J.: 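Let me begin by handing over the structure; questions about it come next.
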Amino acid sequence: MNRYLKGLNPEQRQAVTYPLDKPLKVLAGAGTGKTRVLTTRYIHILAQGGNWAPENILALTFTNKAAAEMKERIVDSCRRMRIATGPLFLQESWIGTFHSCCHRFLREHALGAGLDPEFTVYDEARSWLLYRRVVDEFLSAKGAVPEGFVLTDLNFYVKDVYFLINRLKDSLIYPDDYQQMVREENNKYYDRWGELLMGLGDMELHPATRKVLMERGEEAREQSAWEGDLIQVTNFLFSAYQEALAAARALDFADLIYYTYRLLRDNVALGEECRHRFAYILVDEFQDTNRAQFALLRLLARDEKMSNVTVVGDERQAIYGWRNARIENVREFAAREWGGEEIRLHTNYRSYQQILDLAQFSMEKSPHLLQDNSPLRAQRGVAPGPRISLALAQDRGEEGNIIAAAIGELLKQGMRAEDIVILLRSPRWAQPYEGALRLRGIPFQTVGGVGFYDREEIKDLLAYLRVITNPYDDLALVRALMAPPCFCSDADLAQICQLQKRREGIGGEEVHLYDILRGVLVEPEIPPAVRKKVEVFLALGEGLIELQDKMSLTDFLNQILQRTAYLNYVYANPPDEVRRRIGNIKKLFSLASQIDPGTAAEFIRYAEFFSENDLREGEEAAGYRDAVTIMSVHQAKGLEFPYVFLPNLTDTNFPVRAPYPNLDYSEDLGLIIKKDRLGRDMAKFAPHNYDKENYRDIYNHFGIISYKDRQREEQLQEERRLFYVALTRAQEGLYLTCPKPFPKRSRGPHFFREIWEGYEPAEKIVGQKVQGPAGDEDPLLDWKPGELQQYHEVLSKWLELGKRIFTASDKFLPK
DNA sequence: GTAAATCTCTTTTTT
DNA sequence: AGAGATTTAC
């Protein structure tokens, strides 16, 4: 047997050695060694002879980090196997994300793809700025506006159209196709309404129901006209955005996939050459690919049956739907139908059986239509003693204390801090848990989250700095105008910009926003309220500009804070938020003092460097090597930890309720708009009284479904999968906690409740915080020494006795 | 009685 | 902004 196959279990070995000329789909559950299978198959291809070089194997991953890891592991194995990889392996191998591989390919074939060889790739920030400019031009040039279209309507949709465009592009739908497709789909939808209205006559209905349905039909007809307008506008903006990209010789992320796709589709010879070059294709995290990526994969494959393609994925871990990933891609890769095989990996090397059982228990609570939801089997078997603990805390402060106490206990038992992770649904909730850990002197580090430089208060203050060093920095100027104390609204700015456009129209030259501001003061058409704001702003700015060179950077920042009364606005937030923001502002001062004596301009350059490179400056000073990690579940994907804490499992936090998009597109409904211009829900979004059975039956009979309903269901399922990902990170132990109070009218914590009430093997405790005297104290930090002792006692029971000291009852969970 | 309007509470993930 | 519960309108 080949050496690299040693140590693989039979199912892994089967996957690695499965014939290379047949399609293969590996359904690999969490912790089943999927990356190992993929890298070993890569080695297997090289070792099988055939004289294949690394440049003949295309290996696609989801992140650059995963690609780097894979490269490292392959190089390692090759060295051990004494397979010569050549000195240029890292440069020649095609191991990377879809985006990075397409980028490289397009550089090689820029001319053939009709691109400038010096094309640039726009990241999200740059593409958004370009799009914004396109929208502004559209707003000022009325020619493209449909008759009757109210321009102010568009402001509501600006962001949504941008997301819509990205969503379409991720499905390879570009302007030419978009308008036609969406119109057809829309017409089909309204045809169904027509049928419903026709069918009403033959139905036995309550007169009131009939009347309502007739009215809704009429409403739907009106709404279809509104949709028509928006289709026209979105299509115009879409084309204009693409043209602007072309003019800038730029591609955005989606374009990288699209241009590669188009090049291979249209250039037959090159397509052939490419299919020859990539003798084998491996794709990791297939459940996170989008439609465009799948389509490209079909083109890259040797034949329609994907004979030289191996994909690895797990539907249960699909958590990137919001980035247009299609979980359906896994099912649609029909390896068996195409003469290949589906291999399932069920042996989990990470966790004890109890943890896998819990994950399975939770997963089966949602009606997923998954190809493979069979349970995982723990290689490590069933652990002695309980492995899953639930705690229902009386409030968030107590929750933090329970977790901190439990972690302290683990550390006392000899665990290392780096073996422990706190996983959050949203990184913005890190603060309470950080506070609890800090209180006990437990070292921690918070990864990711919203980067320091992306924080509102930091961006505001930096904007002021930028405006003062360069008043002609329009972006900074706009940000500063919108910040305290002026709070210019979008509408205010629109009026100022109109003035700018008009000046440019007269002089024919570009006029800077800053120069316009003075004009605003004397312009009769500008409302007094706006004029006042600008007046305040200019006085403020001029005062600061004078001070600029007279003091140190930190003193100057202090002046900005004082003169804008910025802290007053900070203090208007809830206490948690105030503390966080103040902490950030303090940190800005300490960063500034580090480069002090230095100029504001230097500091800005420094800050830009960090934010442009997405180098995250954490909100908390980390620096511990051996520290408890706090991160989001998304960031934890692919990682594992001995002990996992999963706090804040409230009804609103996990699963989280996301707002519905104002605009969306789907193949069966066409363009979906949330509200019509009167503020009513669009029929397509949510048919009236859809939640009532008699209406729903009629709607469904005529094929009128509720986008809202479907969206909600899909959202919940993605949250369920995210929860599954969180649970399956744990190797040794899992601690789930949920703070009270529950909002009066909520149904209680959804996922937590299911386990609390339905999963017998878990330990369950209820916090017993004694109500302190009511006051204005901060509930997060204000604990009394006596209480800590009490937590400790509760916790000892939890950890040592290992028996259920409490069972669920209605007393603690609202019905 | 049902349907619509109002009130109340909470509030994301990132290559 | 969404989702229940509650109130108001018909």
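Everything numeric here is computed off the predicted structure, so don't read it as measured data. Order of the sequence lines fixes the chain letters, A, B, ..., with proteins taken first and strands second; residue numbering starts at 1 for each chain.
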J.: Quiz question: by atom type and distance under 3.5 Å, do the side chains of A:E285 and A:Q287 form a donor-acceptor pair?
T.: yes
J.: Just to confirm, is there a sub-4.0 Å distance from OP1 or OP2 of B:dT13 to any side-chain nitrogen or oxygen of A:S426?
T.: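 Checking B:dT13 against A:S426, a side-chain N or O does come within under 4.0 Å of OP1 or OP2.
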J.: Who passes side-chain hydrogen bond (donor to acceptor under 3.5 Å, both in side chains) against A:Y258, sequence neighbours left out?
T.: none
J.: Whole-Å distance between C:dA3 P and A:H750 NE2?
T.: 14 Å
J.: Does A:Y660 place a side-chain N or O at less than 4.0 Å from the phosphate oxygens OP1/OP2 of C:dA3?
T.: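 So the side chain of A:Y660 is within the cut-off, an N or O lying under 4.0 Å from OP1 or OP2 of C:dA3.
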J.: Could you tell me whether the side chain of A:R323 has a donor or acceptor atom within less than 3.5 Å of a complementary atom in the base of B:dT14?
T.: no
J.: Can you tell me which nucleotide in B:dT12, B:dT14, B:dA4 comes closest to the side chain of A:R425?
T.: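 Nearest to the side-chain atoms of A:R425, counting from C-beta on, is B:dT12.
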J.: Looking for any heavy atom pair under 4.0 Å, which part of the strands does A:D288 touch: base, sugar-phosphate only, or nothing?
T.: nothing
J.: Which listed nucleotide (B:dT10, B:dT14, C:dA1) is nearest to the side chain of A:T652?
T.: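 Given the options B:dT10, B:dT14, C:dA1, the side chain of A:T652 is closest to B:dT10.
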J.: A:Q715 CD to C:dA1 C1': how many Å, rounded?
T.: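 Taking atom C1' of C:dA1 as the reference, CD of A:Q715 is at 13 Å.
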J.: Please determine whether a side-chain nitrogen of the Lys or Arg among A:D664 and A:K674 lies less than 4.0 Å from a carboxylate oxygen of the Asp or Glu.
T.: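 Judged by the 4.0 Å cut-off on N to carboxylate O distance, A:D664 and A:K674 do not form a salt bridge.
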J.: Does OP1 or OP2 of B:dT2 have a side-chain N or O of A:N689 closer than 4.0 Å?
T.: no
J.: In whole angstrom, give the distance that lies between atom CD of A:Q293 and atom C1' of B:dT15.
T.: 10 Å
J.: Round to a whole Å and report the spacing from CG of A:L213 to P of B:dA3.
T.: 11 Å
J.: Looking only at side-chain atoms of A:Q635, point me to the closest of C:dA3, B:dT11, B:dT14.
T.: B:dT14
J.: Would you kindly give the CG-to-P distance between A:D651 and C:dG4, to the nearest whole Å?
T.: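 It is 9 Å, rounded to the nearest whole Å.
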J.: Whole Å only: how far is the CG atom of A:D255 from the P atom of B:dT15?
T.: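 Taking atom P of B:dT15 as the reference, CG of A:D255 is at 20 Å.
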J.: Start at the 5' end of DNA chain B and walk down; is the nucleotide closest to A:W322 or to A:Y695 reached first?
T.: A:Y695
J.: From the list B:dT12, B:dT11, B:dA3, which nucleotide is the closest neighbour of the side chain of A:A658?
T.: B:dT12
J.: I want to check one thing: is the phosphate of C:dA3, taken as OP1 and OP2, less than 4.0 Å away from some side-chain N or O of A:K708?
T.: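 Answer yes for this pair, as a side-chain N or O of A:K708 is under 4.0 Å from OP1 or OP2.
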J.: To the nearest angstrom, how far is A:H99 atom NE2 from B:dT14 atom P?
T.: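 Nearest whole value for this atom pair: 17 Å.
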J.: Look up atom CG in A:L392 and atom CD in A:E399, then write down how far apart they are to the nearest 0.5 Å.
T.: 9.5 Å
J.: Could you work out which one of B:dT11, C:dG2, B:dA4 sits closest to the side chain of A:V656?
T.: B:dT11
J.: Between A:F163 (CZ) and B:dT13 (P), how many Å, whole number?
T.: 13 Å
J.: Quick one: side-chain hydrogen bond (donor to acceptor under 3.5 Å, both in side chains) partners of A:T728, sequence neighbours excluded?
T.: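 None.
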J.: So A:V283 and A:F98, do their side chains get closer than 4.5 Å, heavy atoms only?
T.: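 In short, these two side chains touch, coming nearer than 4.5 Å.
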J.: Give A:K637 one of three labels, base, sugar-phosphate or nothing, depending on what nucleic acid heavy atoms sit under 4.0 Å from its own.
T.: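 Contact class for A:K637: none.
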J.: Could you check A:P659 against A:T97 and say which one's nearest nucleotide on DNA chain B is further toward the 5' end?
T.: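 On the 5' side of the pair lies A:P659.
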J.: Give the nucleotide from the list C:dA3, B:dA3, B:dT13 with an atom nearest to the side chain of A:R712.
T.: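 Nearest to the side chain of A:R712 among the choices is C:dA3.
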J.: Taking the minimum atom-to-atom distance to the side chain of A:H634, which one of C:dA3, B:dT15, B:dT13 wins?
T.: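 In terms of side-chain proximity for A:H634, the closest of C:dA3, B:dT15, B:dT13 is B:dT13.
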J.: Tell me which nucleotide among C:dA3, B:dT12, B:dT14 gets nearest to the side chain of A:N653.
T.: B:dT12
